[in-house]
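First up is the structure itself, then whatever we jot down about it.
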Amino acid sequence: AGIQVWPSPDVIEFMGAKDALCKIADMSIGLEDTLAYYDEAAFSAGFKKTMAFQPRVIKQNRGSSGEGIWIIKLKSGNYCSEVGAETCNDDD
């Protein structure tokens, strides 16, 4: 599986704490389905594709006290096997 790593605090601050995970998403230590959304259209399209893949953790873009974090799962629990292979509907 490899060694788990995490950037040091100075690197996270340099990258921007809120976007640090997004900026490493394409690296070997990141997750390709880690995204940030800055408008409603991007959120609707991107979220529905990643939501169909696996449960999501949503965090608002302010504060760091742990408030404003949600874990969202499909009611059915049936996820696709590849990011972007399917798109969920609003009632899923």
Mind checking whether [X] and [Y] sit in one hydrophobic cluster, side chains of I, L, V, M, F, W, Y counted as touching below 4.5 Å?
X: Tyr38; Y: Leu35; answer: no
X: Met51; Y: Val83; answer: no
X: Phe47; Y: Leu31; answer: no
X: Ile72; Y: Tyr37; answer: yes

Examine distances only and state if a side-chain atom of Ser44 and a backbone atom of Glu40 form a donor-acceptor pair shorter than 3.5 Å.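 Between the backbone of Glu40 and the side chain of Ser44 there is no qualifying donor-acceptor contact (under 3.5 Å).
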For [X] versus [Y], what's the shortest heavy-atom pair and its separation?
X: Thr34; Y: Ala25; value: O-CB, 3.9 Å
X: Cys22; Y: Ala36; value: SG-N, 3.5 Å
X: Glu86; Y: Ala52; value: O-CB, 3.5 Å

Tell me if the CG atom of Asn89 is crowded by more than 12 foreign heavy atoms within 6.0 Å.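 Buried by this count: over 12 neighbours within 6.0 Å.
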How about Asp90: does its CG atom have over 12 heavy atoms from other parts shown lying under 6.0 Å from it?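 No, not enclosed.
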Side chains of [X] and [Y] in contact at under 4.5 Å (non-hydrogen atoms):
X: Ile71; Y: Lys73; value: yes
X: Lys49; Y: Asp33; value: no
X: Phe53; Y: Glu32; value: no
X: Ile69; Y: Ile58; value: no
X: Leu74; Y: Tyr79; value: yes

Answer yes or no: is there an ion pair linking Asp92 with Lys48, defined by an N-O contact shorter than 4.0 Å?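 No.
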Atom pair NZ/SG of Lys75 and Cys88 - distance to nearest 0.5 Å: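 Answer rounded to 0.5 Å: 11.0 Å.
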